[in-house]
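Written out below as C-alpha coordinates is the structure these notes cover.
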Amino acid sequence: MTHDHSHGDDPHGHAHDHAHDHDHPHGSELSAVEARVRALESLLVEKGYVQPAALDALVEMYETEIGPHLGARVVARAWTDPAFRARLLAEATPAIAELGIGGRGGEHMVVVENTPETHNMVVCTLCSCYPWPVLGLPPVWYKAPPYRARAVSDPRGVLREFGVSIPETTRITVWDSTAETRFMVLPMRPAGTEGLPEEALAALVTRDAMIGTGLPLSPGAEIRS
Amino acid sequence: MSAPRPETPFAAPWEAQVFALVVSLREAGLFTWGEWTEALGRTIRPEAGEVAADYGQWLATLERLLTERGVADGASVEARTAAWRRAAEATPHGQPILLANDPQGG
(Lines give C-alpha, C1' and ligand atoms only; values in the text may rest on other atoms or scores of the structure.)
Protein backbone atom coordinates (compact mmCIF):
# COMPACT_ATOMS: atom_id res chain seq x y z
CA MET A 1 0.00 0.00 0.00
CA THR A 2 2.69 2.40 0.88
CA HIS A 3 5.41 1.79 -1.62
CA ASP A 4 3.80 2.33 -4.96
CA HIS A 5 5.03 5.88 -5.46
CA SER A 6 6.99 4.97 -8.54
CA HIS A 7 4.01 3.95 -10.60
CA GLY A 8 0.89 4.72 -8.68
CA ASP A 9 0.84 8.46 -8.15
CA ASP A 10 0.27 9.64 -11.66
CA PRO A 11 -3.37 9.27 -12.59
CA HIS A 12 -2.48 10.02 -16.20
CA GLY A 13 0.26 7.44 -16.37
CA HIS A 14 0.88 6.19 -19.86
CA ALA A 15 2.55 2.97 -18.91
CA HIS A 16 -0.56 1.13 -20.06
CA ASP A 17 -1.23 -0.09 -23.52
CA HIS A 18 -3.86 2.32 -24.75
CA ALA A 19 -3.29 1.71 -28.41
CA HIS A 20 -6.08 -0.77 -28.80
CA ASP A 21 -8.85 1.10 -27.06
CA HIS A 22 -8.74 4.59 -28.47
CA ASP A 23 -12.28 4.19 -29.78
CA HIS A 24 -13.67 3.86 -26.28
CA PRO A 25 -14.13 6.62 -23.74
CA HIS A 26 -11.37 6.54 -21.13
CA GLY A 27 -12.22 6.26 -17.48
CA SER A 28 -10.11 7.85 -14.76
CA GLU A 29 -7.66 6.15 -12.47
CA LEU A 30 -6.87 6.38 -8.81
CA SER A 31 -3.78 4.64 -7.53
CA ALA A 32 -4.18 2.28 -4.60
CA VAL A 33 -2.88 4.87 -2.17
CA GLU A 34 -5.00 7.68 -3.61
CA ALA A 35 -8.14 5.58 -3.38
CA ARG A 36 -7.31 4.62 0.20
CA VAL A 37 -6.80 8.21 1.30
CA ARG A 38 -10.06 9.23 -0.34
CA ALA A 39 -11.76 6.32 1.42
CA LEU A 40 -10.52 7.45 4.84
CA GLU A 41 -11.36 11.08 4.19
CA SER A 42 -14.90 10.34 2.99
CA LEU A 43 -15.57 8.03 5.94
CA LEU A 44 -14.24 10.58 8.42
CA VAL A 45 -16.26 13.39 6.88
CA GLU A 46 -19.43 11.28 7.06
CA LYS A 47 -18.77 10.48 10.70
CA GLY A 48 -18.27 14.14 11.46
CA TYR A 49 -14.61 13.95 12.54
CA VAL A 50 -13.28 16.27 9.85
CA GLN A 51 -14.62 18.92 7.49
CA PRO A 52 -13.43 19.22 3.89
CA ALA A 53 -13.03 23.01 4.02
CA ALA A 54 -10.90 22.77 7.17
CA LEU A 55 -8.69 20.13 5.53
CA ASP A 56 -8.18 22.33 2.47
CA ALA A 57 -7.32 25.32 4.64
CA LEU A 58 -4.73 23.29 6.54
CA VAL A 59 -3.03 22.12 3.37
CA GLU A 60 -2.93 25.61 1.95
CA MET A 61 -1.42 26.98 5.16
CA TYR A 62 1.45 24.49 5.11
CA GLU A 63 1.98 24.86 1.37
CA THR A 64 2.06 28.65 1.28
CA GLU A 65 2.44 30.27 4.69
CA ILE A 66 4.47 28.19 7.11
CA GLY A 67 8.12 27.51 6.44
CA PRO A 68 11.71 28.28 7.38
CA HIS A 69 11.32 31.97 6.45
CA LEU A 70 9.55 32.26 9.83
CA GLY A 71 12.40 30.68 11.78
CA ALA A 72 14.78 32.97 9.88
CA ARG A 73 12.91 35.97 11.30
CA VAL A 74 13.40 34.61 14.80
CA VAL A 75 17.13 34.12 14.22
CA ALA A 76 17.59 37.59 12.71
CA ARG A 77 15.80 39.16 15.66
CA ALA A 78 18.03 37.25 18.08
CA TRP A 79 21.11 38.48 16.22
CA THR A 80 20.05 42.11 16.46
CA ASP A 81 18.27 42.29 19.81
CA PRO A 82 20.26 40.92 22.78
CA ALA A 83 17.30 41.11 25.15
CA PHE A 84 15.19 39.07 22.73
CA ARG A 85 18.03 36.57 22.34
CA ALA A 86 18.17 36.14 26.11
CA ARG A 87 14.41 35.56 26.30
CA LEU A 88 14.58 33.15 23.34
CA LEU A 89 17.27 31.01 24.94
CA ALA A 90 15.61 31.10 28.36
CA GLU A 91 12.10 30.24 27.19
CA ALA A 92 11.68 29.92 23.46
CA THR A 93 7.95 29.44 22.99
CA PRO A 94 6.80 32.80 24.40
CA ALA A 95 9.73 34.64 22.81
CA ILE A 96 8.84 33.24 19.38
CA ALA A 97 5.21 34.17 20.01
CA GLU A 98 6.30 37.80 20.33
CA LEU A 99 6.82 37.68 16.56
CA GLY A 100 3.36 36.23 16.03
CA ILE A 101 4.79 32.77 15.35
CA GLY A 102 3.61 29.62 17.08
CA GLY A 103 0.93 26.99 17.19
CA ARG A 104 0.65 23.30 16.52
CA GLY A 105 3.88 21.37 16.54
CA GLY A 106 5.57 24.12 18.50
CA GLU A 107 3.78 24.05 21.81
CA HIS A 108 7.08 23.62 23.62
CA MET A 109 10.07 24.91 21.68
CA VAL A 110 13.67 24.96 22.84
CA VAL A 111 16.29 27.03 21.02
CA VAL A 112 19.94 25.99 21.33
CA GLU A 113 22.70 28.43 20.47
CA ASN A 114 25.77 27.68 18.38
CA THR A 115 29.02 29.14 19.71
CA PRO A 116 32.67 28.74 18.73
CA GLU A 117 32.81 25.97 21.33
CA THR A 118 29.58 24.09 20.55
CA HIS A 119 27.74 23.25 17.34
CA ASN A 120 24.19 21.96 17.77
CA MET A 121 22.29 19.54 15.55
CA VAL A 122 18.66 18.41 15.78
CA VAL A 123 17.22 15.00 14.97
CA CYS A 124 14.13 12.98 15.83
CA THR A 125 15.35 9.44 16.47
CA LEU A 126 11.80 8.12 17.00
CA CYS A 127 10.16 9.36 13.82
CA SER A 128 10.09 12.90 12.40
CA CYS A 129 9.26 15.42 15.16
CA TYR A 130 10.15 18.88 13.92
CA PRO A 131 9.35 22.48 14.93
CA TRP A 132 6.57 23.13 12.42
CA PRO A 133 5.77 26.77 13.32
CA VAL A 134 9.30 27.97 12.60
CA LEU A 135 10.53 25.51 9.94
CA GLY A 136 7.40 24.12 8.28
CA LEU A 137 7.31 20.40 7.53
CA PRO A 138 10.55 18.39 7.55
CA PRO A 139 12.58 17.56 4.44
CA VAL A 140 12.65 13.97 3.24
CA TRP A 141 16.15 13.25 4.52
CA TYR A 142 15.18 14.31 8.05
CA LYS A 143 12.60 11.51 8.16
CA ALA A 144 14.87 8.80 6.73
CA PRO A 145 16.63 6.09 8.78
CA PRO A 146 20.21 7.09 7.80
CA TYR A 147 19.88 10.59 9.25
CA ARG A 148 17.92 9.40 12.29
CA ALA A 149 20.71 6.95 13.13
CA ARG A 150 23.84 8.73 11.99
CA ALA A 151 23.04 12.14 13.45
CA VAL A 152 23.62 10.41 16.77
CA SER A 153 26.39 7.92 15.94
CA ASP A 154 28.42 10.07 13.55
CA PRO A 155 27.32 13.70 13.57
CA ARG A 156 30.63 14.94 12.20
CA GLY A 157 30.34 12.56 9.26
CA VAL A 158 26.80 13.77 8.59
CA LEU A 159 27.99 17.37 8.63
CA ARG A 160 30.74 16.53 6.14
CA GLU A 161 28.13 15.06 3.81
CA PHE A 162 26.17 18.30 4.09
CA GLY A 163 29.35 20.14 3.13
CA VAL A 164 29.76 21.67 6.56
CA SER A 165 33.15 21.69 8.18
CA ILE A 166 33.27 22.38 11.88
CA PRO A 167 36.62 22.86 13.62
CA GLU A 168 37.84 19.70 15.38
CA THR A 169 37.93 21.66 18.60
CA THR A 170 34.21 22.48 18.39
CA ARG A 171 32.04 20.07 20.31
CA ILE A 172 28.92 18.78 18.54
CA THR A 173 25.76 18.38 20.61
CA VAL A 174 22.81 16.48 19.15
CA TRP A 175 19.28 17.20 20.39
CA ASP A 176 16.48 14.65 20.02
CA SER A 177 13.13 16.29 19.26
CA THR A 178 9.95 14.62 20.51
CA ALA A 179 6.23 15.26 20.38
CA GLU A 180 6.63 17.27 23.59
CA THR A 181 9.83 19.24 22.97
CA ARG A 182 11.06 20.44 19.58
CA PHE A 183 14.45 22.00 19.10
CA MET A 184 15.69 24.72 16.78
CA VAL A 185 19.29 25.86 16.36
CA LEU A 186 20.28 29.51 16.69
CA PRO A 187 23.27 29.67 14.33
CA MET A 188 26.18 32.05 14.76
CA ARG A 189 25.86 35.37 12.98
CA PRO A 190 28.15 35.34 9.92
CA ALA A 191 31.09 37.69 9.73
CA GLY A 192 30.70 40.80 7.61
CA THR A 193 27.08 41.39 8.53
CA GLU A 194 27.59 44.33 10.86
CA GLY A 195 24.97 46.99 10.26
CA LEU A 196 22.75 44.80 8.08
CA PRO A 197 19.06 45.28 8.82
CA GLU A 198 17.06 42.44 10.26
CA GLU A 199 15.37 41.56 6.98
CA ALA A 200 18.68 41.27 5.17
CA LEU A 201 20.01 39.06 7.95
CA ALA A 202 16.95 36.80 7.76
CA ALA A 203 17.74 36.15 4.09
CA LEU A 204 21.02 34.54 5.17
CA VAL A 205 19.35 32.01 7.45
CA THR A 206 18.71 28.70 5.73
CA ARG A 207 16.49 25.87 6.91
CA ASP A 208 19.51 23.61 7.40
CA ALA A 209 21.25 26.27 9.50
CA MET A 210 18.33 26.02 11.94
CA ILE A 211 18.46 22.19 11.97
CA GLY A 212 22.22 22.36 12.49
CA THR A 213 23.12 20.56 9.27
CA GLY A 214 24.11 23.83 7.61
CA LEU A 215 25.52 27.25 8.32
CA PRO A 216 24.04 30.65 7.46
CA LEU A 217 24.95 32.10 4.08
CA SER A 218 27.54 34.82 3.71
CA PRO A 219 26.41 38.30 2.70
CA GLY A 220 26.01 38.41 -1.06
CA ALA A 221 24.91 34.77 -1.25
CA GLU A 222 21.31 35.32 -0.17
CA ILE A 223 18.62 33.17 -1.62
CA ARG A 224 16.24 35.60 -3.26
CA SER A 225 12.63 34.80 -3.87
CA MET B 1 14.67 40.82 -0.07
CA SER B 2 13.31 38.12 2.13
CA ALA B 3 14.14 34.63 3.27
CA PRO B 4 13.23 31.76 0.96
CA ARG B 5 9.57 30.79 0.83
CA PRO B 6 8.66 27.26 1.84
CA GLU B 7 9.44 24.48 -0.58
CA THR B 8 6.39 22.44 -1.48
CA PRO B 9 6.27 20.10 1.49
CA PHE B 10 4.18 17.42 -0.22
CA ALA B 11 5.27 15.23 -3.13
CA ALA B 12 1.67 14.47 -4.14
CA PRO B 13 -1.81 15.69 -3.22
CA TRP B 14 -2.59 12.52 -1.27
CA GLU B 15 0.34 13.25 1.06
CA ALA B 16 -1.18 16.63 1.88
CA GLN B 17 -4.57 14.98 2.48
CA VAL B 18 -3.08 12.46 4.91
CA PHE B 19 -1.24 15.24 6.76
CA ALA B 20 -4.42 17.32 7.05
CA LEU B 21 -6.46 14.33 8.27
CA VAL B 22 -3.95 13.54 11.02
CA VAL B 23 -3.70 17.15 12.19
CA SER B 24 -7.48 17.54 12.18
CA LEU B 25 -8.08 14.32 14.10
CA ARG B 26 -5.48 15.31 16.69
CA GLU B 27 -7.28 18.62 17.08
CA ALA B 28 -10.61 16.78 17.33
CA GLY B 29 -9.09 14.93 20.30
CA LEU B 30 -8.89 11.45 18.75
CA PHE B 31 -5.26 11.16 19.87
CA THR B 32 -2.46 13.28 21.34
CA TRP B 33 0.81 14.07 19.57
CA GLY B 34 2.54 11.75 22.01
CA GLU B 35 0.21 8.90 21.05
CA TRP B 36 0.65 9.74 17.38
CA THR B 37 4.44 9.74 17.42
CA GLU B 38 4.51 6.54 19.49
CA ALA B 39 2.25 4.83 16.93
CA LEU B 40 4.24 6.22 13.99
CA GLY B 41 7.45 5.10 15.64
CA ARG B 42 6.06 1.54 15.76
CA THR B 43 4.85 1.61 12.16
CA ILE B 44 8.25 2.58 10.80
CA ARG B 45 9.99 -0.23 12.69
CA PRO B 46 8.68 -3.44 11.14
CA GLU B 47 10.57 -6.69 11.71
CA ALA B 48 12.43 -6.17 8.45
CA GLY B 49 14.11 -2.97 9.66
CA GLU B 50 13.49 0.73 9.93
CA VAL B 51 11.94 2.73 7.13
CA ALA B 52 11.47 6.45 6.51
CA ALA B 53 8.70 8.24 8.39
CA ASP B 54 7.07 9.30 5.12
CA TYR B 55 3.41 9.97 4.43
CA GLY B 56 2.83 6.37 3.37
CA GLN B 57 3.75 5.43 6.92
CA TRP B 58 1.50 8.20 8.24
CA LEU B 59 -1.35 6.62 6.28
CA ALA B 60 -0.65 3.15 7.68
CA THR B 61 -0.42 4.59 11.20
CA LEU B 62 -3.65 6.52 10.78
CA GLU B 63 -5.48 3.41 9.59
CA ARG B 64 -4.26 1.46 12.59
CA LEU B 65 -5.30 4.17 15.05
CA LEU B 66 -8.74 4.44 13.43
CA THR B 67 -9.20 0.69 13.83
CA GLU B 68 -7.91 0.68 17.41
CA ARG B 69 -10.21 3.54 18.36
CA GLY B 70 -13.23 1.92 16.71
CA VAL B 71 -13.67 4.79 14.23
CA ALA B 72 -13.29 2.86 10.98
CA ASP B 73 -12.49 -0.83 10.75
CA GLY B 74 -10.42 -2.48 8.07
CA ALA B 75 -13.41 -3.96 6.24
CA SER B 76 -15.18 -0.62 5.85
CA VAL B 77 -11.96 1.04 4.66
CA GLU B 78 -11.42 -1.75 2.09
CA ALA B 79 -15.01 -1.49 0.89
CA ARG B 80 -14.84 2.27 0.56
CA THR B 81 -11.47 2.07 -1.23
CA ALA B 82 -12.96 -0.34 -3.77
CA ALA B 83 -15.91 2.03 -4.23
CA TRP B 84 -13.55 4.91 -5.03
CA ARG B 85 -11.70 2.81 -7.57
CA ARG B 86 -14.95 1.82 -9.30
CA ALA B 87 -16.03 5.46 -9.22
CA ALA B 88 -12.76 6.47 -10.87
CA GLU B 89 -13.14 3.91 -13.64
CA ALA B 90 -16.66 5.16 -14.31
CA THR B 91 -15.57 8.81 -14.45
CA PRO B 92 -14.66 10.17 -17.89
CA HIS B 93 -11.03 11.20 -18.10
CA GLY B 94 -10.61 14.82 -17.01
CA GLN B 95 -13.82 14.97 -14.98
CA PRO B 96 -13.71 15.22 -11.19
CA ILE B 97 -13.87 11.79 -9.57
CA LEU B 98 -16.85 11.66 -7.23
CA LEU B 99 -17.87 8.79 -4.98
CA ALA B 100 -21.38 9.17 -6.42
CA ASN B 101 -19.97 7.93 -9.74
CA ASP B 102 -19.54 4.44 -8.29
CA PRO B 103 -21.93 2.33 -10.40
CA GLN B 104 -22.48 0.02 -7.42
CA GLY B 105 -23.09 2.89 -5.04
CA GLY B 106 -26.38 3.03 -3.21
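As the structure is a computational prediction, the values presented were derived from the model and not from experiment.
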Atom [atom1] in [X], atom [atom2] in [Y]: separation rounded to 0.5 Å?
X: L98(B); Y: S42(A); atom1: CG; atom2: OG; answer: 11.5 Å
X: E34(A); Y: I97(B); atom1: CD; atom2: CD1; answer: 7.5 Å
X: R69(B); Y: Y49(A); atom1: CZ; atom2: OH; answer: 10.5 Å
X: S76(B); Y: K47(A); atom1: OG; atom2: NZ; answer: 6.0 Å

Measuring heavy-atom distances to chain B, does [X] have an atom under 4.5 Å in its side chain, in its backbone, in both, or in neither?
X: T178(A); value: neither
X: E180(A); value: side chain
X: E107(A); value: side chain
X: R148(A); value: side chain
X: E198(A); value: neither

Determine whether a donor-acceptor pair (N or O, by modelled atom type, separation under 3.5 Å) exists between the side chain of [X] and the backbone of [Y].
X: T91(B); Y: S28(A); value: no
X: R38(A); Y: W84(B); value: no
X: R45(B); Y: L126(A); value: yes

Below 4.5 Å from any heavy atom of chain A, which atoms of A28(B) appear? Answer side chain, backbone, both or neither.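 It is the side chain, since no backbone atom gets that close.
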R42(B), part contacting chain A, at a heavy-atom distance under 4.5 Å: neither
When you check the gap from the basic side-chain N to the acidic O, do R80(B) and E41(A) get nearer than 4.0 Å?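 So R80(B) does not pair with E41(A) through a salt bridge.
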Less than 4.0 angstrom from a charged side-chain N to a carboxylate O is my criterion; do R36(A) and E63(B) meet it? yes
Looking at [options], which has the largest count of heavy-atom pairs under 4.5 Å with chain A?
options: R26(B), E89(B), E38(B); result: E89(B)
options: A20(B), A11(B), A16(B); result: A20(B)
options: L25(B), V71(B), L40(B); result: V71(B)

Closest non-hydrogen atom pair between [X] and [Y], with its separation:
X: T81(B); Y: A32(A); value: CG2-O, 4.5 Å
X: L30(A); Y: A88(B); value: CG-CB, 3.8 Å
X: S128(A); Y: W58(B); value: OG-NE1, 4.3 Å
X: I44(B); Y: C127(A); value: CD1-CA, 3.9 Å

So does [X] have more than 12 non-hydrogen atoms from other groups sitting under 6.0 Å from [atom1]?
X: E91(A); atom1: CD; result: no
X: E68(B); atom1: CD; result: yes
X: E50(B); atom1: CD; result: yes

Mind running side chain to side chain contact (heavy atoms under 4.5 Å, CB included) on L137(A) and F10(B) for me, showing each step along the way? CA-CA 9 Å; L137(A) 299 177; F10(B) 307 111; 3.4 Å; yes
Best-contacting candidate, L40(A), V140(A), L43(A), V59(A), against chain B by heavy atom pairs under 4.5 angstrom: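 Of the candidates given, the most pairs with chain B belong to L43(A).
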With a 4.5 Å cut-off on heavy-atom pairs, point out which of L44(A), V37(A), D56(A) contacts chain B the most.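 The option with the most such pairs is V37(A).
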Does some side-chain heavy atom of F19(B) sit less than 4.5 Å from a side-chain heavy atom of L55(A)? no
